[in-house]
*Asks:* 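Quick one: this structure, given as structure tokens, is what I'll be asking you about.
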Amino acid sequence: IKIIQAGWSPCKDYGKGLKKNSFVKILAEKIQLGISHPSAYYGWDNEYGKGEQEVESFSTSQYLVSNAEYLKFVENNGYENPEWWTNEGIEWVKFKKASHPVFWIKDNTQPHGYKLRNMIEEIPLPMHWPVEVNYYEAKAYCNWYSKKNNINVRLPSEYEWHAIYN
């Protein structure tokens with residue numbers, strides 16, 4: 001049952017303002033992870049304990065990968081080409097019979113051929129919103145993007161992720 005709360009509605013900004021996604025440099029930094037004292041904070045079990053790592057400088061995309069960027073992967077038969085996928089990813093694609101992200105709905109009446117299913121409704125695919133995919137899909141996209149652009153692109157480590165958002 002969907003109950004729409006009074007005074008609340010989903011974002012209606014469906015597709016204007018697509019920005020060119022370029023790479024930005026993240027400087028080297030020592031990153032500490034973990035909760036220092038278990039009784040001091042609420043935390044998930046994987047947050048207890050401490051870890052520290054020196055993260056070397058690296059480049060990352062300025063923005064999260066958009067639906068528009070990911071659509072190029074889909075349109076280039078990304079889900080059909082096992083070259084981009086890990087072995088587990090191939091098994092996931094077969095199991096799900098996936099040909100696009102799970103929240104995309106094929107709809108040829110739409111300008112880009114898809115709608116997006118959100119919590120409340122189906123909307124035109126917002127091209128500038130970040131794409132919502134799982135690890136297997138993100139990894140396959142990185143492999144495809146790397147070969148297409150002749151550069152090495154990969155997902156960040158947990159420490160690198162924290163360096164990006166510190």
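Heads up: numbering here begins at 1 and tracks the sequence.
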*Asks:* Can you establish whether the number of heavy atoms outside K97 located under 6.0 Å from its atom NZ is more than 12?
*Replies:*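 Open: at most 12 neighbouring heavy atoms sit under 6.0 Å from NZ of K97.
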
*Asks:* Measure up the Y79 and W85 rings against each other and bin them: parallel (under 30°), tilted (30 to 60°), perpendicular (over 60°).
*Replies:*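 The rings of Y79 and W85 sit tilted, inter-plane angle from 30° to 60°.
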
*Asks:* Please find the pair of heavy atoms, one from A138 and one from L155, that lie closest to each other, and give the distance.
*Replies:*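 Reported closest heavy-atom pair: CB-CD2, 3.8 Å.
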
*Asks:* State which residues pass ring-ring contact (aromatic ring centres under 6.0 Å, His included) with Y159; sequence neighbours excluded, sorted by chain then number.
*Replies:*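 Partners of Y159 under the ring-ring contact (aromatic ring centres under 6.0 Å, His included) test: none.
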
*Asks:* Are I105 and W129 connected into the same hydrophobic cluster when the rule is that any two of I, L, V, M, F, W, Y join if their side-chain heavy atoms are below 4.5 Å apart?
*Replies:*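 No, W129 does not connect to I105 through the hydrophobic network.
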
*Asks:* Under the side-chain hydrogen bond (donor to acceptor under 3.5 Å, both in side chains) rule, collect the residues that match up with E52, sequence neighbours excluded.
*Replies:*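 Result, side-chain hydrogen bond (donor to acceptor under 3.5 Å, both in side chains) vs E52: Q32.
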
*Asks:* Roughly how far apart are L71 CG and Y114 OH, rounded to 0.5 Å?
*Replies:*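 Atom-to-atom, L71:CG and Y114:OH are 6.5 Å apart.
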
*Asks:* For N166, enumerate each residue passing the side-chain hydrogen bond (donor to acceptor under 3.5 Å, both in side chains) test, keeping only those at least two apart in sequence or located in another chain.
*Replies:*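 N166 satisfies side-chain hydrogen bond (donor to acceptor under 3.5 Å, both in side chains) with E29 only.
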
*Asks:* Do any side-chain atoms of residues 62-69 form donor-acceptor pairs under 3.5 angstrom with protein atoms, and if so which ones, sequence neighbours left out?
*Replies:*
unit_1	atom_1	unit_2	atom_2	d
Q62	OE1	S22	OG	3.3
S66	OG	A68	N	3.4
S66	OG	E69	N	3.0
S66	OG	E69	OE1	3.2
N67	OD1	W104	NE1	3.3
N67	ND2	P126	O	2.8
E69	OE1	N21	ND2	3.4
E69	OE1	S66	N	2.8
E69	OE2	N21	ND2	3.3

*Asks:* Closest heavy-atom contact between K72 and N76?
*Replies:*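 Residues K72 and N76, closest heavy atoms: O-ND2, 2.6 Å.
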
*Asks:* Could you see if V55 belongs to whatever hydrophobic cluster contains V153? Use Ile, Leu, Val, Met, Phe, Trp, Tyr and a side-chain cutoff under 4.5 Å.
*Replies:*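 No, because V55 and V153 fall into different hydrophobic clusters, even though each may have its own neighbours under 4.5 Å.
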
*Asks:* Within this structure, what is the OG-CD1 distance for the pair S57 and I26, rounded to the nearest 0.5 Å?
*Replies:*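 Nearest 0.5 Å value for the OG-CD1 distance: 9.0 Å.
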
*Asks:* H112: which residues meet the ring-ring contact (aromatic ring centres under 6.0 Å, His included) condition with it, sequence neighbours left out?
*Replies:*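 ring-ring contact (aromatic ring centres under 6.0 Å, His included) check on H112 returns nothing, list empty.
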
*Asks:* Heavy-atom distance under 4.5 Å between the side chains of V24 and T60, does that happen here?
*Replies:*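 In contact.
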
*Asks:* Which pairs with one or both residues in residues 78-95 pass salt bridge (Lys or Arg N to Asp or Glu O under 4.0 Å), sequence neighbours excluded?
*Replies:*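 Those involving residues 78-95 are E83-K147, E91-K94.
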
*Asks:* Looking at residues at least two apart in the chain, or sitting in another chain, which of them share a side-chain hydrogen bond (donor to acceptor under 3.5 Å, both in side chains) with Y141?
*Replies:*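 Listed in chain order: nothing, the list is empty.
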
*Asks:* Would you be so kind as to tabulate the donor-acceptor pairs closer than 3.5 Å made by side chains of residues 117-125, with sequence neighbours excluded?
*Replies:*
unit_1	atom_1	unit_2	atom_2	d
N118	OD1	I120	N	2.9
N118	OD1	E121	N	2.7
E121	OE2	K12	NZ	2.8

*Asks:* With sequence neighbours excluded, tell me which residues meet ring-ring contact (aromatic ring centres under 6.0 Å, His included) with Y165.
*Replies:*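 Applying ring-ring contact (aromatic ring centres under 6.0 Å, His included) to Y165 gives W161.
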
*Asks:* Taking the side chain as every heavy atom from C-beta outward, state whether V93 and P82 have any pair of such atoms under 4.5 Å apart.
*Replies:*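 The answer is no, as the side chains (C-beta and beyond) never meet within the 4.5 Å cut-off.
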
*Asks:* Provide the full list of salt bridge (Lys or Arg N to Asp or Glu O under 4.0 Å) pairs with a residue in residues 156-166, sequence neighbours left out, each pair given once.
*Replies:*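 Applying salt bridge (Lys or Arg N to Asp or Glu O under 4.0 Å) to every pair that reaches into residues 156-166, excluding sequence neighbours, yields R154-E160.
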
*Asks:* Taking the side chain as C-beta and beyond, is there a heavy-atom pair between D13 and H128 under 4.5 Å?
*Replies:*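 With C-beta onward as the side chain, the pair touches.
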
*Asks:* Think K25 forms a cation-pi with F58, using NZ or CZ under 6.0 Å from the six-ring centre and within 45 degrees of its axis?
*Replies:*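 Negative - K25 is either too far from the ring of F58 or too far off its axis.
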
*Asks:* At what distance, to the nearest 0.5 angstrom, does CG of N152 lie from SG of C142?
*Replies:*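 The SG atom of C142 is 9.5 Å from CG of N152, to the nearest 0.5 Å.
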
*Asks:* Is the number of heavy atoms from other residues, nucleotides or ligands within 6.0 Å of CZ (F23) greater than 12?
*Replies:*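 Yes - once you tally the heavy atoms of other residues, nucleotides and ligands closer than 6.0 Å, there are more than 12.
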
*Asks:* Using the side-chain contact (heavy atoms from CB on, under 4.5 Å) criterion, which residues pair with N149? Sequence neighbours excluded.
*Replies:*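 Applying side-chain contact (heavy atoms from CB on, under 4.5 Å) to N149 gives Y145, I151.
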
*Asks:* Work out which heavy atom in H100 is nearest to a heavy atom in E137; give both atom names and the distance.
*Replies:*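 It is O-OE2, 4.1 Å.
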
*Asks:* Walk me through it: do T86 and K139 pass the test side chain to side chain contact (heavy atoms under 4.5 Å, CB included)?
*Replies:* CA-CA 8 Å; T86 63; K139 176 84 171 118; 3.9 Å; yes

